[in-house]
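Side-chain atoms are counted along with the backbone in the values below, which use heavy atoms only and exclude waters and symmetry mates. Values in this document were obtained by computation on a predicted structure and should not be read as measured data. In what follows, chains carry the letters A, B, and so on, assigned in the order in which the sequence lines appear, proteins first and then strands, with residues in each chain numbered from 1.
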Amino acid sequence: MSKEITSREQDYSQWYNDLVIKAGLADYSAVRGCMVIKPYGFALWENMQRQLDQMFKDTGHQNAYFPLFVPKSLFEAEEKNAEGFAKECAIVTHYRLKSDPDNKGKLIVDPEAKLEEELVVRPTSEAIIWNTYKGWIQSYRDLPILINQWANVVRWEMRTRLFLRTTEFLWQEGHTAHATRDEAEKETVQMLNVYADFAEQYMALPVMKGVKTENERFAGAVDTYCIEAMMQDGKALQAGTSHFLGQNFAKAFDVKFADKENKLDYVWATSWGVSTRLIGGLVMAHSDDDGLILPPKLAPIQVVIVPIYKGEEQKSQIDEKVHELVKELKAAGISVKYDDNDNSRPGWKFAEYELKGVPVRIAIGARDLANNVVEVARRDTKEKMSYSIDGLGKAVIQLLDDIQVSIFNKAKTFRDDHITNANNWEEFVQLLDEKTGFIAAHWDGTGETEEKIKELTKATIRCIPLDNQQEAGSCILSGKPSSQRVLFARAY
RNA sequence: CGGGAUGUAGCGUAGCCCGGUUAUCGCGCCUGGUUUGGGACCAGGAGGUCGCAAGUUCGAAUCUUGCCAUCCCGACCA
């Protein structure tokens with residue numbers, strides 16, 4: 001009642017904003033375009049981080065940390081990268097404030113504290129990292145370098161949206177250095193697969209793996225691989241990218257190594273990242289008009305238990321049963337909350353935990369105890385079931401697994417239903433407007449055509465799927481010959 | 001940065017056109033009590049630079065000007 005959420009049908013954007021704010025994931029802040037990530041949202045991020053971090057380590061990577069500031073001269077070294085990010089950089093020009101002589105109690109920038117060289121607040125860290133790697137690499141024996149960092153970055157975007165695009169955001173960025181092209185390419189694909197596995201198995205978010213066109217490529221990359229997800233409004237969301245950087249950064253920063261034959265060559269590089277944007281994707285992909293729906297594997301609270309009682313005597317009987325259950329679930333690694341706060345009533349709690357997307361709710365009252373059962377409700381389907389108290393722990397664990405699979409399947413069915421072939425321009429435009437989703441269509445392979453299509457329809461090529469089926473056809477716009485379909489969509 | 005909308009208590013709002021005592025109502029909050037199987041009820045209470053600044057006026061939430069912020073739509077992007 002007190003926390004009305006705009007329905008998806010009414011206003012999808014507003015629904016998303018309402019959800020993020022009212023479920024307690026984040027808040028607006030005093031800084032334009034920057035948000036406060038609240039404890040519940042941060043707990044979700046921590047769960048994602050923990051799993052990704054493990055996956056990075058399992059593939060041989062180590063964490064490190066590089067500075068927030070990049071001297072301008074380093075930033076501009078790799079020209080394409082610098083050019084690509086130049087228009088969205090925050091720059092530090094001074095290092096001191098002083099009292100304003102004309103305005104008591106106020107401060108002004110001290111003009112005498114101007115930096116010799118401006119510092120760019122990193123929008124990404126290739127420059128500072130490759131400048132560092134230069135000092136670490138002399139021989140093939142120093143390779144590969146497999147490093148990841150968890151960090152914040154700043155990109156001064158014109159228009160921001162909670163989690164999906166904020167001025168400052170949290171992410172991880174992997175930066176690797178290799179002796180051969182082949183090894184670097186394999187690394188790029190390996191990390192793409194790590195992202196796809198994470199998205200599908202943990203976020204329950206089906207993704208398309210593919211390669212970006214030249215227009216959509218990361219500034220400074222030779223190839224950009226990506227995973228693309230589909231939101232409930234049929235728009236695409238780029239969920240992660242993995243870049244094969246070739247020798248571009250090694251050349252820009254003069255990073256050479258001696259191979260076994262003592263021949264000097266430039267080092268091969270990759271970089272890859274996912275950000276707090278994933279939280280936005282998670283929210284948009286699964287949730288409904290009543291609140292969040294979180295996949296059990298990432299939910300900060302997986303099971304909530306609500307007691308229903310009259311009087312202290314009943315309460316202590318319930319407590320006794322619940323404590324056993326909590327112990328069992330915790331031993332199995334399940335995050336469980338027993339909400340016996342007497343200040344709010346059961347109905348209020350039910351609504352609140354639905355809003356917060358807790359996958360499983362267990363209600364237990366005197367009536368249940370008498371029958372040796374509890375009421376189990378799953379958030380994704382809103383289904384209520386009666387479970388025997390005997391073996392409840394195991395049953396709940398099984399249910400969490402079922403929910404994880406079930407929300408993935410639901411998202412996948414939706415996604416698959418929204419991949420449609422278009423064979424001519426009229427069909428393409430109609431599908432885009434009326435059905436939305438990914439449109440698979442032939443494209444002549446030129447940047448001009450891609451640009452033109454974007455101008456006309458706001459749709460971009462999200463990716464050329466990996467292992468794409470080859471098929472002769474003609475471009476939907478230019479009519480020129482094409483050997484494969486690519487995926488178009490309107491995107492976030 | 002262009003177009004549109006909005007700004008009154010923690011949240012949602014009435015009042016503004018047509019200036020005039022103490023700024024309306026609901027939710028939430030505090031105290032006490034009764035309650036507890038889908039967002040409880042009763043009684044009492046606290047909480048306001050009416051976005052900011054100037055101006056008009058005897059008097060401004062209300063009129064004028066400027067500024068700021070937020071949201072939505074576009075261009076830019078993870």
Side-chain angles (χ1 to χ4, degrees), chain A residues 1-6 11-14 16-18 21-22 27-35 84-89 123-124 152-173 195 212 215-219 224 226-229 236-243 271-281 290-291 306-312 314-315 318 339-355 361-371 373-375 377 382 384 386 454-455 458 460 462 490-492:
Chain A
M1 294 282 198
S2 61
K3 293 185 174 177
E4 278 299 320
I5 296 171
T6 306
D11 185 342
Y12 192 81
S13 287
Q14 194 55 48
Y16 172 79
N17 286 337
D18 282 357
I21 299 293
K22 291 179 176 164
D27 237 339
Y28 292 106
S29 75
V31 189
R32 171 192 230 124
C34 294
M35 64 176 174
F85 284 103
K87 55 194 180 309
E88 52 191 70
C89 285
T124 181
N152 57 343
V153 288
V154 168
R155 295 183 188 175
W156 214 269
E157 302 287 355
M158 284 302 168
R159 194 169 155 219
T160 58
R161 300 199 61 187
L162 295 166
F163 287 112
L164 295 175
R165 188 179 305 105
T166 46
T167 302
E168 178 193 14
F169 58 94
L170 304 184
W171 77 345
Q172 60 65 220
E173 47 182 327
Y195 288 154
K212 287 288 186 193
N215 281 353
E216 299 281 325
R217 198 177 284 158
F218 175 76
T224 288
C226 63
I227 52 172
E228 292 283 328
L237 181 79
Q238 180 173 307
T241 46
S242 183
H243 314 292
S271 70
W272 27 275
V274 295
S275 72
T276 36
R277 166 178 261 201
L278 288 179
I279 294 175
D290 294 320
V306 177
I308 298 161
Y309 58 92
K310 292 180 183 141
E312 277 310 305
Q314 284 189 3
K315 174 67 168 38
I318 293 169
D339 188 353
D340 64 347
N341 183 341
D342 196 37
N343 291 327
S344 38
R345 298 163 80 254
W348 190 90
K349 292 176 186 172
F350 292 172
E352 183 65 14
Y353 291 110
E354 277 164 14
L355 175 61
R361 180 185 75 231
I362 298 174
I364 176 165
R367 209 167 69 197
D368 301 307
L369 280 187
N371 298 319
V373 296
V374 294
E375 181 192 85
K382 293 286 203 78
K384 289 183 195 173
S386 186
K454 186 178 174 183
E455 259 172 53
K458 287 172 203 143
T460 49
R462 302 318 302 161
R490 294 199 176 116
Y492 277 100

Inset, instruction - Between A:Ala239 and A:Leu369, just flag the one whose closest nucleotide in RNA chain B comes earlier from the 5' side. - result: A:Leu369

Inset, instruction - Tell me which of A:Gln238 and A:Gln14 sits closer to the 5' end of RNA chain B, going by the nucleotide each one is nearest to. - result: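 The residue whose closest nucleotide sits nearer the 5' end is A:Gln14.
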
What integer distance in Å separates [X]:[atom1] from [N]:[atom2]?
X        : N     : atom1 : atom2 : result
A:Arg161 : B:A75 : CZ    : P     : 14 Å
A:Asn371 : B:G37 : CG    : P     : 18 Å
A:Met158 : B:G3  : CE    : C1'   : 15 Å
A:Arg165 : B:C71 : CZ    : P     : 13 Å
A:Glu352 : B:C11 : CD    : C1'   : 14 Å

Inset, instruction - State which of B:G39, B:G38, B:C72 makes the closest approach to the side chain of A:Ser13. - result: B:C72

Students often get this wrong, so: under 4.0 angstrom with heavy atoms, is [X] touching a base, only sugar-phosphate, or nothing?
X        : answer
A:Leu164 : base
A:Asn17  : sugar-phosphate
A:Tyr28  : sugar-phosphate
A:Ala366 : base

Legend entry - Dot-bracket encoding of pairs in RNA chain B, which uses [ ] for pseudoknotted crossings and | for another strand, Watson-Crick or G-U under 3.5 angstrom: (((((((..(((.......[....))).((((((.....)))))).....(((((..]....))))))))))))....

Name the pairs: protein N/O against N/O of nucleotides 33-36 of chain B, kept only if under 3.5 Å.
unit_1	atom_1	unit_2	atom_2	d
B:U36	N3	A:Asp342	OD1	3.4

Inset, instruction - Go through the N and O atoms of the side chain of A:Glu354 and the base of B:G38, and report whether any donor-acceptor pair is under 3.5 Å. - result: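 It does, because a donor-acceptor pair links the side chain of A:Glu354 to the base of B:G38 below 3.5 Å.
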
Legend entry - Side chain A:Lys384 and base B:G38 donor-acceptor under 3.5 Å: yes

Inset, instruction - Return yes when atom CH2 of A:Trp171 has more than 12 non-hydrogen atoms of other residues, nucleotides or ligands closer than 6.0 Å, and no otherwise. - result: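 More than 12 within 6.0 Å, yes.
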
Inset, instruction - Answer yes or no: is there an ion pair linking A:Glu352 with A:Arg361, defined by an N-O contact shorter than 4.0 Å? - result: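 Salt bridge: no.
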
Legend entry - Sidechain N-carboxylate O distance under 4.0 Å for A:Asp290, A:Lys382: yes

